[in-house]
Undergrad: 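Before we start, here is the structure in question, set down as structure tokens.
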Number of protein chains: 2
Amino acid sequence: MFLTLDLESEDPIYTQLKQQIIAGIAKKELTPGEALPSVRALASDLGINLHTVNKAYQQLKQEGFILIHRQKGVVVHPEGVAKADEAYFQLLEKTLHPIIAESICRDVSEETFIKLCKDIYQTYKSEA
Amino acid sequence: MFLTLDLESEDPIYTQLKQQIIAGIAKKELTPGEALPSVRALASDLGINLHTVNKAYQQLKQEGFILIHRQKGVVVHPEGVAKADEAYFQLLEKTLHPIIAESICRDVSEETFIKLCKDIYQTYKSEA
DNA sequence: GTATCTGTTATATTATATGTATAACAGATA
DNA sequence: TATCTGTTATACATATAATATAACAGATAC
């Protein structure tokens, strides 16, 4: 599991951490039950503050991706990530709406958009 | 063109304005050359500050959605929005990646995801 | 010519978000 | 006892978001 940060990015560091861990789970590079580095170890590795890592971990826990045992440490959720429910689909739709609206303005056809999504899906499947 | 704000939203007001104007253009409720309210008029209508509207307008101008004439006012770009180029597709892919990664974690099939995108595309086409 | 409408620019203030820096606490373990 | 967990608290610096006023300069209507 490689974690790389772009300190120039507009995306906050804790967001980058979250996204890369989620991507790791999606690619099955991180498997259920697998241990993640402690907040201090990861912060030290990346040269960032403990609290920044902690914020990412807390949100990942809140969203059901990981479990945190007070003394055992942090692990990828052993029973797998909670499957999409109605609330998630609503959030997903709300997220995609403005993205698709802009694509339509820029003359991106539905077929082209779908193709891009399929290609991205493929990048996660192929590296399983 | 109805503009509604959710002051409780995490999305900044100027972002909501941008998204709704872009959605309006996508739905062809706003047509090329059509005038938009002045910064002061819109701010007054919505009960927000002039600078918040101006920030949205400036970014929409920067991204090619509108034109601003110093004394004539604000209009939807008369020649249509700039079509997607390589830079836009890269940005789009970068935007979709984490969204799709999370969907995969939550067991959303490619077919389900594509279906959702198609449905959203449809909401813009049907109201043309 | 004055008043009014544009967008624009400048300052200042408040609140919130982000990230860092230290320090300490409590449970588990070697 | 020392060291490792996550957790909590406080403080600080910076950036973003939004508001509040004020002023400027060009265009237009009376």
Side-chain angles (χ1 to χ4, degrees), chain A residues 1 3-22 30 33-78 95 98, chain B residues 1 3-22 30 33-78 95 98:
Chain A
M1 185 65 192
L3 289 176
T4 55
L5 295 180
D6 176 7
L7 300 180
E8 308 296 313
S9 170
E10 295 173 11
D11 293 326
I13 296 175
Y14 75 91
T15 299
Q16 296 182 45
L17 288 179
K18 282 180 64 182
Q19 290 179 347
Q20 291 189 39
I21 289 170
I22 292 172
L30 293 174
E34 183 169 347
L36 292 175
S38 73
V39 288
R40 285 179 179 81
L42 186 51
S44 176
D45 266 15
L46 298 171
I48 60 176
N49 191 274
L50 159 167
H51 291 100
T52 305
V53 175
N54 192 243
K55 184 168 185 176
Y57 277 179
Q58 287 299 328
Q59 292 191 7
L60 287 168
K61 167 187 164 194
Q62 181 68 26
E63 296 166 16
F65 292 95
I66 64 176
L67 282 187
I68 305 180
H69 292 86
R70 176 120 193 176
Q71 274 79 25
K72 293 179 186 173
V74 181
V75 295
V76 178
H77 204 301
T95 304
Chain B
M1 184 62 191
L3 289 176
T4 55
L5 295 180
D6 176 7
L7 300 179
E8 308 295 314
S9 170
E10 295 173 11
D11 293 326
I13 295 174
Y14 76 90
T15 299
Q16 296 181 46
L17 288 179
K18 282 180 63 182
Q19 290 179 348
Q20 292 188 39
I21 289 169
I22 292 172
L30 293 174
E34 182 170 346
L36 292 176
S38 74
V39 288
R40 285 179 179 81
L42 186 50
S44 176
D45 267 15
L46 298 172
I48 60 176
N49 192 273
L50 160 167
H51 291 100
T52 306
V53 175
N54 191 243
K55 183 167 184 175
Y57 277 0
Q58 287 299 329
Q59 293 191 6
L60 286 168
K61 168 187 163 192
Q62 180 67 28
E63 296 165 17
F65 292 95
I66 63 176
L67 283 187
I68 304 181
H69 292 85
R70 174 119 193 178
Q71 275 78 26
K72 293 179 187 173
V74 182
V75 295
V76 177
H77 204 301
T95 304

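Chain identifiers are assigned alphabetically (A, B, ...) following the order of the sequence lines, protein sequences preceding nucleic acid strands; residue numbering begins at 1 within each chain.
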Undergrad: Tell me if the side-chain of R40(A) makes a donor-acceptor pair with the base of dT7(D), cut-off 3.5 Å, by modelled atom types.
TA: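 Checked by distance alone, the answer is yes.
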Undergrad: Looking at side-chain heavy atoms only, is the closest gap between Y57(A) and S38(A) below 4.5 Å?
TA: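 Not touching, per the 4.5 Å side-chain cut-off.
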Undergrad: Expressed as a whole number of angstroms, how long is the span from I68(B):CD1 to dT9(C):P?
TA: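 Between P of dT9(C) and CD1 of I68(B): 10 Å.
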Undergrad: Minimum heavy-atom separation for E34(B) to L30(B), with atom names?
TA: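 Taking E34(B) first and L30(B) second, the nearest heavy atoms are OE1-CA, 3.5 Å.
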Undergrad: H69(A) has an atom NE2; how far is it from atom C1' of dA26(C), in whole Å?
TA: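 Rounded to the whole Å, the gap is 17 Å.
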Undergrad: If you compare all heavy atoms of K61(B) against all heavy atoms of I68(B), which two are closest, and at what distance to 0.1 Å?
TA: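 Answer, listing the atom of K61(B) first, then I68(B): CD-CD1, 3.8 Å.
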Undergrad: Can you give me the closest heavy-atom contact between P78(A) and L67(A), atom names plus distance?
TA: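 In terms of heavy atoms, the two residues are closest at CD-CD1, 3.5 Å.
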Undergrad: Using purine N1 to pyrimidine N3 plus N6-O4 or O6-N4 for Watson-Crick, or N1-O2 and O6-N3 for G-U wobble, both under 3.5 Å, which nucleotide pairs with dG19(C)?
TA: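 The answer is dC12(D), by the H-bond criterion.
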Undergrad: Could you tell me how far apart E8(A) (CD) and dA15(D) (P) are, to the nearest whole angstrom?
TA: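 These atoms are roughly 13 Å apart.
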Undergrad: In the strands shown, is dT29(C) matched to any nucleotide by a Watson-Crick or G-U wobble pair with both distances under 3.5 Å, and which?
TA: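 When the pairing criteria are applied, dA2(D) turns out to be the nucleotide that pairs with dT29(C).
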Undergrad: Quick check on DNA chain C: between K61(B) and K72(A), whose nearest nucleotide comes earlier from the 5' end?
TA: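 First, find each residue's nearest nucleotide; the 5'-ward one identifies K61(B).
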Undergrad: So, is N54(B) near the phosphate of dT8(C), with a side-chain N or O under 4.0 Å from OP1 or OP2?
TA: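 Looking at the OP1 and OP2 atoms of dT8(C), one of them is under 4.0 Å from a side-chain N or O of N54(B).
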Undergrad: One pair to check against side chain to side chain contact (heavy atoms under 4.5 Å, CB included): L46(A) and L17(A). What are the steps and the verdict?
TA: CA-CA 10 Å; L46(A) 298 171; L17(A) 288 179; 3.6 Å; yes
Undergrad: Atom CD of E10(B) and atom P of dT16(C): how far apart are they, to the nearest Å?
TA: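 My rounded result for the distance is 14 Å.
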Undergrad: Is there any protein nitrogen or oxygen under 3.5 Å from a nitrogen or oxygen in nucleotides 17-20 of chain D, and what are the pairs?
TA:
{"unit_1": "dA17(D)", "atom_1": "OP1", "unit_2": "Y14(B)", "atom_2": "OH", "d": "2.7"}
{"unit_1": "dA17(D)", "atom_1": "OP2", "unit_2": "Y14(B)", "atom_2": "OH", "d": "3.3"}
{"unit_1": "dA17(D)", "atom_1": "OP2", "unit_2": "K55(B)", "atom_2": "NZ", "d": "2.7"}
{"unit_1": "dA18(D)", "atom_1": "OP1", "unit_2": "I13(B)", "atom_2": "N", "d": "2.5"}
{"unit_1": "dA18(D)", "atom_1": "OP2", "unit_2": "I13(B)", "atom_2": "N", "d": "3.4"}
{"unit_1": "dT19(D)", "atom_1": "OP2", "unit_2": "N49(B)", "atom_2": "N", "d": "3.1"}
{"unit_1": "dT19(D)", "atom_1": "OP2", "unit_2": "T52(B)", "atom_2": "OG1", "d": "2.6"}
{"unit_1": "dA20(D)", "atom_1": "N7", "unit_2": "N49(B)", "atom_2": "ND2", "d": "3.4"}

Undergrad: I need the CG-P distance between L42(A) and dT20(C), as an integer number of Å.
TA: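 Nearest whole value for this atom pair: 12 Å.
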Undergrad: Within the pair Q58(B) and dT8(C), is there a side-chain N or O less than 4.0 Å away from OP1 or OP2?
TA: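 Yes, because at least one side-chain N or O of Q58(B) sits under 4.0 Å from OP1 or OP2 of dT8(C).
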